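What follows is a short report on a single structure.
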Amino acid sequence: MRIWSILGALMLCTTVAMPAQAEEKALEERVKKLEQQLSEFQEHEKQERLKERERITPPEQRAPGTGRITEIAPERPGEEKVPLSFGATGSGRLVYAKPFLSAPKSTVGGYVDAQYSSLTRPNLDNPSRNTFGQIRMVPFIYADITDRIKFATEIEIERGGPNAPVGGDGAMQIEFAQLDYLINEAVNIRAGILLMPVGKFNLLHDSPLNDLVDRPMVSRIVIPSTWFDAGAGLYGTFYPTAMSKLDYEIYAVNGMNGTPGTTITDTGIRGARGSVSRDRDDAKSVVGRVAFSPRLGIEIAGSFYHGQYNNKDATGANTLSDNINIYAVDWTLQRGRWELIGESAWVRIDGNQRPGAIGPAGMHGYYVQANYHFMPEWLKNMAPTHFSDASTFTAVVRWERVDTDTDNRTLTATSGNRRELERLTIGLNFRPIEDTVFKLDYQFNTQKGTPISNSVNIPASGRIDGNGFLFMAATYF
């Protein structure tokens, strides 16, 4: 009897609940149906807009620059079929007739840095003893034009540009502007204003990328970074084994500047960098680099430059057949938190070896740099918003030396005698993220030989061996 009572109660509850469940289910079905109708309506509206746009101007007939940005419809039937040319009509809308407005392909970025120096006296890279400086602001533009055509350019604005209010040592120039046509991984074509592949630093000289404030002296004097020239050539990659890689690039370029009065002196060869607008001596130079990486973390590379240089003899007459040769090796060794990098370069100037010639006949320089990356766990625990897994400290030490007259020749009074510069730099930097760095360095500079006095960045005393602190903040953007 008790069991039948329980069953009766359950049946009664079920009977009462069934209408409520049925009503709830019906409501859910109505909501789903409305959502489906709304989705169908939105899709219908989208298709109608596309049809209207295609009716006005089909994509294959649409003139450049008449897309989404300008929203300008053809003024007359059939005008959409007229390609952009001098046969096209119109006035105000022609300024928008650019293909990249309707189909953007470019990416804009760059890097910027700011520096403070406190030195005992000026040195090679810092002509003021105690100063703030906004050294570089460099926009970078990259474009994927097609799967095979790429373009990249970098515009360097140094020290506020050439019209900076004070100082007059600023500059603004296109550092490189290259057009690549990709054939395959082993062979590709490149043309334009190219960074010279002599040493590795000239190719990777961005302030946020490097761990010390000043660039290596060998890359400023012997290899005149930043060094670029107009030309064309090939680059590519081979894989000799499953673990190894061989990269190369080789170009024909305009070559060193042959303007009368430009000579290679004891301050280096920076004043002889070539013209990107024309070849002044109609004799092309050849430059190239080959880098071999037997496995991850190791790379050894050799590079060269060979070309003609219009030098001057002791009488001031131009000599048109002098050659200049630059050879360089660079290395990168990485193991765990340690890095050992460096570069060594040699210059030979054929014409300066003759009696009475002005300027050195040979130069040599090198640097060796050790980096140690670390991130204390206690800092991450104490301030995780400032010190994260993406943050890194780097302790750095670099030794470098440059000799701008390896032959120790007796030169004229205007160009001085043998020059030797040595520098020891110790530094510590912090990267809150990989793309941003705060650097603190201390430099010890030594200058041998007679003072250098024929450069606008060198003080009247000719002494450029100031010691002291350097601070820099730099970031990609």
Side-chain angles (χ1 to χ4, degrees), residues 106-107 109-111 136 138-145 148-158 171-206 209 215 218-220 222-237 246-259 269-291 299 301-309 323-330 343 345 347:
S106 299
T107 300
Y111 71 89
R136 300 174 187 90
V138 184
F140 184 100
I141 303 171
Y142 171 77
D144 269 315
I145 300 172
R148 292 191 178 275
I149 302 172
K150 315 295 179 184
F151 172 77
T153 186
E154 199 169 79
I155 305 167
E156 184 170 54
I157 304 170
E158 287 192 339
M172 180 175 178
Q173 59 193 4
I174 296 177
E175 194 161 277
F176 70 86
Q178 61 193 36
L179 184 64
D180 290 1
Y181 185 80
L182 308 183
I183 301 174
N184 55 51
E185 197 165 9
V187 180
N188 303 284
I189 301 172
R190 173 172 291 169
I193 300 175
L194 312 176
L195 286 172
M196 297 294 93
V198 180
K200 191 172 187 177
F201 194 89
N202 195 55
L203 303 174
L204 295 174
H205 55 264
D206 297 359
L209 187 65
R215 297 173 174 179
V218 63
S219 302
R220 292 263 287 102
V222 182
I223 302 171
S225 299
T226 302
W227 185 15
F228 51 86
D229 204 343
L234 305 174
Y235 72 95
T237 301
L246 185 71
D247 296 283
Y248 76 93
E249 50 187 313
I250 184 167
Y251 310 113
V253 297
N254 281 340
M256 292 290 185
N257 197 335
T259 303
I269 63 174
R270 291 178 66 82
R273 290 181 292 186
S275 168
V276 299
S277 61
R278 62 189 178 99
D279 189 339
R280 296 182 183 275
D281 54 18
D282 294 320
K284 297 296 175 286
S285 300
V286 181
V287 60
R289 179 174 181 265
V290 177
E299 182 185 72
S303 49
F304 73 95
Y305 173 93
H306 171 77
Q308 184 172 293
Y309 171 70
N323 290 323
I324 179 170
N325 295 282
I326 305 175
Y327 307 98
V329 295
D330 62 81
E343 200 162 283
V347 174

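Given the structure is predicted, the values throughout are model-derived calculations rather than measurements. Values reported hereafter were calculated over all heavy atoms of this structure, with side chains retained and with hydrogens, waters and symmetry mates removed.
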Taking only residues two or more places apart in sequence, or in another chain, which ones meet [X] in a side chain to side chain donor-acceptor pair (under 3.5 Å)?
| X | answer |
| --- | --- |
| Asp229 | none |
| Thr153 | none |
| Glu154 | none |
| Glu249 | Tyr251 |

Listed by chain and number, what are the side-chain contact (heavy atoms from CB on, under 4.5 Å) partners of Leu179, not counting sequence neighbours?
Ile145, Ile149, Phe151

I'd like to check the side-chain contact (heavy atoms from CB on, under 4.5 Å) partners of Ala232; sequence neighbours left out, ordered by chain and number.
Ala191

[X]: salt bridge (charged side-chain N to carboxylate O under 4.0 Å, His left out) partners, not counting sequence neighbours:
| X | answer |
| --- | --- |
| Glu299 | Lys200, Arg289 |
| Asp247 | Lys245 |
| Arg136 | Asp113, Glu156, Glu158 |

Would you say [X] and [Y] make side-chain contact, with heavy atoms under 4.5 Å?
| X | Y | result |
| --- | --- | --- |
| Arg215 | Thr226 | yes |
| Phe228 | Asn202 | no |
| Ile223 | Phe201 | no |
| Glu343 | Ser219 | yes |
| Leu203 | Pro197 | yes |

To the nearest 0.5 Å, how far apart are [atom1] in [X] and [atom2] in [Y]?
| X | Y | atom1 | atom2 | result |
| --- | --- | --- | --- | --- |
| Ile189 | Leu234 | CD1 | CG | 6.5 Å |
| Ile324 | Ser285 | CD1 | OG | 9.0 Å |
| Tyr142 | Ser106 | OH | OG | 10.0 Å |
| Ile157 | Gln173 | CD1 | CD | 10.5 Å |

So with a 6.0 Å cut-off around CD1 of Ile183, is the heavy-atom count from everything else above 12?
yes

Working note: Tyr305 + Met256, criterion side-chain contact (heavy atoms from CB on, under 4.5 Å); need CA distance, chi angles, decisive distance, verdict.
CA-CA 10 Å; Tyr305 173 93; Met256 292 290 185; 3.6 Å; yes

Going by the salt bridge (Lys or Arg N to Asp or Glu O under 4.0 Å) test, which pairs reach into residues 175-184, not counting sequence neighbours?
Asp180-Arg190

Going by the rule ring pair (Phe, Tyr, Trp, His ring centres under 6.0 Å), which residues pair with Phe176 if we only count those two or more places apart in sequence or in a different chain?
Phe140

Please step through side-chain contact (heavy atoms from CB on, under 4.5 Å) for the pair Asn254 and Lys284, ending with a clear verdict.
CA-CA 5 Å; Asn254 281 340; Lys284 297 296 175 286; 4.0 Å; yes

For Ile269 and Val222 the tightest heavy-atom approach is CD1-O, 3.2 Å

Go through it in stages, so that I can follow the logic: the residues are Tyr235 and Leu194, the test is side-chain contact (heavy atoms from CB on, under 4.5 Å), and I'd like the CA-CA distance, side-chain angles, deciding distance and then a yes or no.
CA-CA 12 Å; Tyr235 72 95; Leu194 312 176; over 6 Å; no

